[in-house]
Asks: 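Attaching a single structure in structure tokens format; questions to follow.
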Amino acid sequence: MDHIAIYQRLKNLNESSLGRRFLSKYIVLILIPLLIVSSFLSFSIVHIYRTNDLYQQNVYLNSIMQTWNTPGEQSRFIINALQSSQELLNFLEEKYYTQPERLYIYKKTLHTLFTELMRINDNIDSIRIYCTSPNILMADPFCHMDSIPLTEDEMQILDAANPYEFVWFVRPSDDLSTPPEFYAYCNIYTSTYARALGHLELKMNMKFLEEYTWLLNHDPYNKIGFSLYDAKDFLIYENLPFSLSSNTKKGFMNASDRNGFEHGYYFFKYFVEEQNLNLLITISEKGFLSNYLLSMAFMTFALTAFLYLLSLLYFREISRLTRRISLFSVYLKEYNRKELRPYYEHASANTGRTSCRHDEFTDLIESFNQMVTRNNTLTSQIQTLELLNRDAKLAAMQAQIHPHFIYGIL
């Protein structure tokens with residue numbers, strides 16, 4: 001039978017073949033485990049990278065929180081300087097009774113004191129002192145108590161504050177993209193702390209907030225968003241370089257962890273106890289994809305593709321062996337048993353030689369061909385012996401018949 005016809009018959013076989021069994025085992029034992037391992041490896045690398053980067057970002061953000069605390073430190077420095085100034089306390093207690101004496105102390109000491117405090121504390125925009133006595137010389141920064149911009153509830157909170165304790169009020173703007181105004185209030189007491197002489201008001205400029213925002217966006221690969229909430233989680237300011245839904249931001253604020261990864265964003269929450277504010281920092285993961293994670297994903301993909309290629313090459317060798325065995329099996333089923341012929345793999349019409357490498361299966365085919373050749377030789381010998389035996393029997397019969405024929409004639 002022609003080998004092409006055998007191959008076509010092999011392709012049309014409906015029953016389960018050796019090739020199908022090898023294919024199913026290859027898929028179950030190699031392809032699927034390789035897919036699972038490569039997927040697990042990819043997710044593990046991504047998880048490890050996210051955890052490591054989350055830790056590094058958290059360390060960096062904690063370090064730059066010192067910038068956010070700068071206004072509080074400068075405010076404490078100012079109240080310490082003012083509370084320890086005996087000239088200021090005498091001025092507020094009206095120990096200088098004449099107007100010229102008050103003006104002299106103001107020009108000589110107090111004006112220089114406030115100017116120097118404003119110079120060395122660059123995060124302070126203005127200093128005001130609201131005096132309890134109406135007879136104080138009302139020159140900058142001294143103001144009447146009636147002009148203090150606080151409500152009754154806020155005044156009660158300020159009056160209940162301890163010495164050197166600041167009460168912070170954040171005045172949000174109508175536009176969320178405009179930074180709010182920060183005010184710090186503190187009571188100024190007599191040298192014996194018997195009564196309050198007035199209320200110190202410090203208005204902060206936005207230099208500290210601009211510096212903090214600049215430090216957040218130090219990495220050109222990362223897009224960092226900054227949101228500011230009050231004590232009731234009401235949004236008062238935000239600076240987002242990407243769109244973030246309100247539900248997503250609310251989910252970040254309601255999360256039990258201080259930091260984590262959700263919806264493709266890193267989030268970090270900080271509570272500023274002094275100002276009673278909540279800071280929400282969000283970082284888009286898209287920035288990381290252009291940095292370390294992209295290279296790791298490419299390396300993982302290349303390694304996985306290489307392993308798949310090796311497995312396919314291995315399966316190709318198995319498929320070749322399976323096809324050789326299947327062709328030989330079909331040949332054994334289909335060849336003419338009365339006319340035994342040797343089997344040649346991909347035999348050439350001229351040479352009859354096979355193009356396959358010599359292996360154990362080739363030895364098996366050669367043994368089969370030797371058996372066929374020996375069988376044909378034995379068959380030929382048996383046929384020759386049968387012919388000789390027939391001739392001998394005819395000769396014997398002729399020898400028996402011949403005398404009787406002569407006797408008959410006689």
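We're numbering straight along the sequence, starting at 1. These numbers were taken from a predicted model, which means no experiment stands behind them.
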Asks: Taking the six-membered ring for Trp and the full ring for Phe, Tyr or His, determine whether the centres of F142 and Y130 are under 6.0 Å apart.
Replies: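 Distance test on ring centres: not under 6.0 Å, no.
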Asks: How far does CG of L92 sit from CD1 of I188, to the nearest 0.5 angstrom?
Replies: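 If we round to the nearest 0.5 Å, L92:CG and I188:CD1 are 6.0 Å apart.
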Asks: Are E210 and K207 ion-paired here, with the side-chain N under 4.0 Å from a carboxylate O?
Replies: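 A salt bridge is absent here (no side-chain N lies under 4.0 Å from a carboxylate O).
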Asks: To the nearest 0.5 Å, what is the distance between CD on Q370 and CG on D363?
Replies: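 The CD atom of Q370 sits 9.5 Å away from the CG atom of D363.
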Asks: So L202 and D125, do their side chains get closer than 4.5 Å, heavy atoms only?
Replies: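 Of all side-chain heavy-atom pairs linking L202 with D125, none is under 4.5 Å.
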Asks: In a table with atom names and distances, give each donor-acceptor pair under 3.5 Å that connects a side chain of residues 242-252 to protein atoms at least two apart or in another chain.
Replies:
unit_1 : atom_1 : unit_2 : atom_2 : d
S245   : OG     : T248   : N      : 3.3
S245   : OG     : T248   : OG1    : 2.7
K249   : NZ     : E238   : OE1    : 2.9

Asks: Please confirm whether the backbone N or O of N123 pairs with a side-chain atom of N121, one donor and one acceptor, at under 3.5 Å?
Replies: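 Side chain of N121 to backbone of N123: no pair is present.
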Asks: Passes side chain to side chain contact (heavy atoms under 4.5 Å, CB included), E262 versus F267? Steps please.
Replies: CA-CA 8 Å; E262 290 184 9; F267 70 90; 4.2 Å; yes
Asks: Write down the atom of M204, the atom of P71, and the distance for their closest heavy-atom approach.
Replies: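 Heavy atoms only, the tightest pair is SD-CB, 3.8 Å.
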Asks: Could you check whether E274 pairs with R76 (Lys NZ or Arg NE/NH1/NH2 to Asp/Glu carboxylate O, under 4.0 Å)?
Replies: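 Between R76 and E274 there is a salt bridge, with a charged N closer than 4.0 Å to a carboxylate O.
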Asks: Under 4.5 Å between any side-chain heavy atoms of I124 and Q74, yes or no?
Replies: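 The answer is yes, as the side chains (C-beta and beyond) meet within the 4.5 Å cut-off.
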Asks: Given side chains that start at C-beta, do those of L176 and L235 come closer than 4.5 Å, heavy atoms only?
Replies: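 Answer yes - side chains close enough.
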Asks: Is it true that a side-chain atom of D233 and a backbone atom of Y229 form a donor plus acceptor pair closer than 3.5 Å?
Replies: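 Side chain of D233 to backbone of Y229, a donor-acceptor pair under 3.5 Å: no, none is there.
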Asks: Go through the steps to decide whether D175 and S177 satisfy the test side chain to side chain donor-acceptor pair (under 3.5 Å), and finish with yes or no.
Replies: CA-CA 5 Å; D175 186 8; S177 61; 2.7 Å; yes
Asks: Carefully, step by step, assess F169 and F182 under the rule ring pair (Phe, Tyr, Trp, His ring centres under 6.0 Å).
Replies: CA-CA 6 Å; F169 297 103; F182 290 80; over 10 Å; no
Asks: What's the separation between atom CE in M155 and atom CG in L150, rounded to the nearest 0.5 Å?
Replies: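 That separation rounds to 6.0 Å.
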Asks: Restricting to side-chain contact (heavy atoms from CB on, under 4.5 Å), what partner residues turn up for L54, sequence neighbours left out?
Replies: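 Testing L54 for side-chain contact (heavy atoms from CB on, under 4.5 Å), a comparison that skips the adjacent residues, returns N259, Y266, F268.
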Asks: Residues two or more places apart in sequence or in another chain: which of them pass side-chain contact (heavy atoms from CB on, under 4.5 Å) with Y164?
Replies: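 side-chain contact (heavy atoms from CB on, under 4.5 Å) check on Y164 returns I79, N80, Q83, Y193.
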Asks: Checking Y343 against N369 for the side chain to side chain contact (heavy atoms under 4.5 Å, CB included) test, could you report, in this order, the C-alpha distance in whole Å, the side-chain angles of both residues, the deciding distance, and whether it holds?
Replies: CA-CA 6 Å; Y343 175 78; N369 292 338; 3.9 Å; yes
Asks: Give the C-alpha distance, both sets of side-chain angles, the deciding distance and a yes or no for side chain to side chain contact (heavy atoms under 4.5 Å, CB included) between M253 and L280.
Replies: CA-CA 7 Å; M253 293 299 299; L280 176 62; 3.9 Å; yes
Asks: Just so I know, are the side chains of L200 and Y185 near enough to count as touching, which here means a heavy-atom distance under 4.5 Å?
Replies: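 Of all side-chain heavy-atom pairs linking Y185 with L200, none is under 4.5 Å.
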Asks: First locate atom CE of M145, then atom SG of C131, and finally report the distance between them rounded to the nearest 0.5 Å.
Replies: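 If we round to the nearest 0.5 Å, M145:CE and C131:SG are 7.5 Å apart.
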Asks: With no hydrogens and no angle check, is any side-chain donor or acceptor of S85 less than 3.5 Å from a backbone partner on L82?
Replies: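 Side chain of S85 to backbone of L82, a donor-acceptor pair under 3.5 Å: no, none is there.
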Asks: Rounded to the nearest 0.5 Å, what separates atom OG in S191 from atom CG in L88?
Replies: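 If I round to the nearest 0.5 Å, the distance is 11.5 Å.
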Asks: Sub-3.5 Å donor-acceptor pair from the side chain of K269 to the main-chain atoms of A255, do we have one?
Replies: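 Yes, the answer is positive, given that a donor and an acceptor are paired below the 3.5 Å cut-off.
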Asks: Just wondering, are more than 12 heavy atoms of other shown residues or ligands nearer than 6.0 Å to CD in Q56?
Replies: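 Count over threshold, so yes.
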Asks: Passes side chain to side chain contact (heavy atoms under 4.5 Å, CB included), F91 versus L197? Steps please.
Replies: CA-CA 10 Å; F91 185 85; L197 300 175; over 6 Å; no
Asks: Short question: side chain of S147, backbone of C143 - any donor-acceptor pair under 3.5 Å?
Replies: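 Here the side-chain-to-backbone pair does not exist.
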Asks: Using the benzene-type ring in the case of Trp, are the ring centres of F226 and Y212 under 6.0 Å apart?
Replies: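 For F226 and Y212, the ring centres are under 6.0 Å apart.
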Asks: Provide the closest heavy-atom pair for I78 versus I127 in the form atom of the first, atom of the second, distance.
Replies: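 In terms of heavy atoms, the two residues are closest at CD1-CD1, 4.2 Å.
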Asks: Roughly how far apart are Q383 CD and L378 CG, rounded to 0.5 Å?
Replies: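 Here the rounded value is 11.5 Å.
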Asks: Under a 4.5 Å cut-off applied to non-hydrogen side-chain atoms, are K108 and E87 in contact?
Replies: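 When only atoms from C-beta onward are counted, E87 and K108 do not touch, as no gap falls below 4.5 Å.
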Asks: Using modelled atom types and a 3.5 Å cut-off, is there a donor and acceptor pairing between side-chain atoms of N90 and backbone atoms of Q86?
Replies: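 It does hold such a pair.
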Asks: For the residue pair Q275 and W68, establish whether any side-chain heavy-atom pair is separated by less than 4.5 Å.
Replies: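 Yes, close enough: below the 4.5 Å cut-off.
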Asks: Provide the closest heavy-atom pair for V170 versus I236 in the form atom of the first, atom of the second, distance.
Replies: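 Nearest heavy atoms, V170 then I236: CG1-CD1, 3.8 Å.
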Asks: Would you mind reporting whether P241 and I224 have side-chain heavy atoms less than 4.5 Å apart?
Replies: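 Of all side-chain heavy-atom pairs linking P241 with I224, none is under 4.5 Å.
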Asks: Does the side chain to side chain donor-acceptor pair (under 3.5 Å) test come out yes or no for E94 and S133, once each step is laid out?
Replies: CA-CA 8 Å; E94 299 182 287; S133 175; 2.8 Å; yes
Asks: Looking only at side chains, do N187 and E165 share a donor and an acceptor under 3.5 Å apart?
Replies: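 Side-chain D/A pair, N187 to E165: absent.
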Asks: List the atom of L89, the atom of Y189, and the distance in Å for their closest heavy-atom pair.
Replies: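 Heavy atoms of L89 and Y189 come nearest at CD2-O, 3.2 Å.
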Asks: Report yes or no: does N376 contribute a side-chain atom to a donor-acceptor pair with the main-chain N or O of V372 at less than 3.5 Å?
Replies: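 Judged by distance alone, yes, a pair lies under 3.5 Å.
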Asks: If you look at every heavy atom in L117 and A81, which pair is closest and at what distance?
Replies: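 Nearest pair, atom of L117 first, then A81: CD2-CB, 4.0 Å.
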Asks: Would you say T178's side chain and S173's backbone share a donor-acceptor pair under 3.5 angstrom?
Replies: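 A pair under 3.5 Å: no.
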Asks: With a 4.5 Å limit on heavy-atom distance, are the side chains of F271 and R258 in contact?
Replies: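 Not in contact.
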Asks: Take W168 and Y183 through the test ring pair (Phe, Tyr, Trp, His ring centres under 6.0 Å) and record every step on the way to the result.
Replies: CA-CA 6 Å; W168 289 81; Y183 293 89; 9.6 Å; no
Asks: Which pair of heavy atoms, one from I148 and one from L158, lies closest together, and at what distance?
Replies: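 Closest heavy-atom pair between I148 and L158: CD1-CD2, 4.4 Å.
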Asks: Go through the steps for R171 and E154 under the test salt bridge (charged side-chain N to carboxylate O under 4.0 Å, His left out), then give the verdict.
Replies: CA-CA 13 Å; R171 309 299 186 190; E154 292 173 343; 3.0 Å; yes
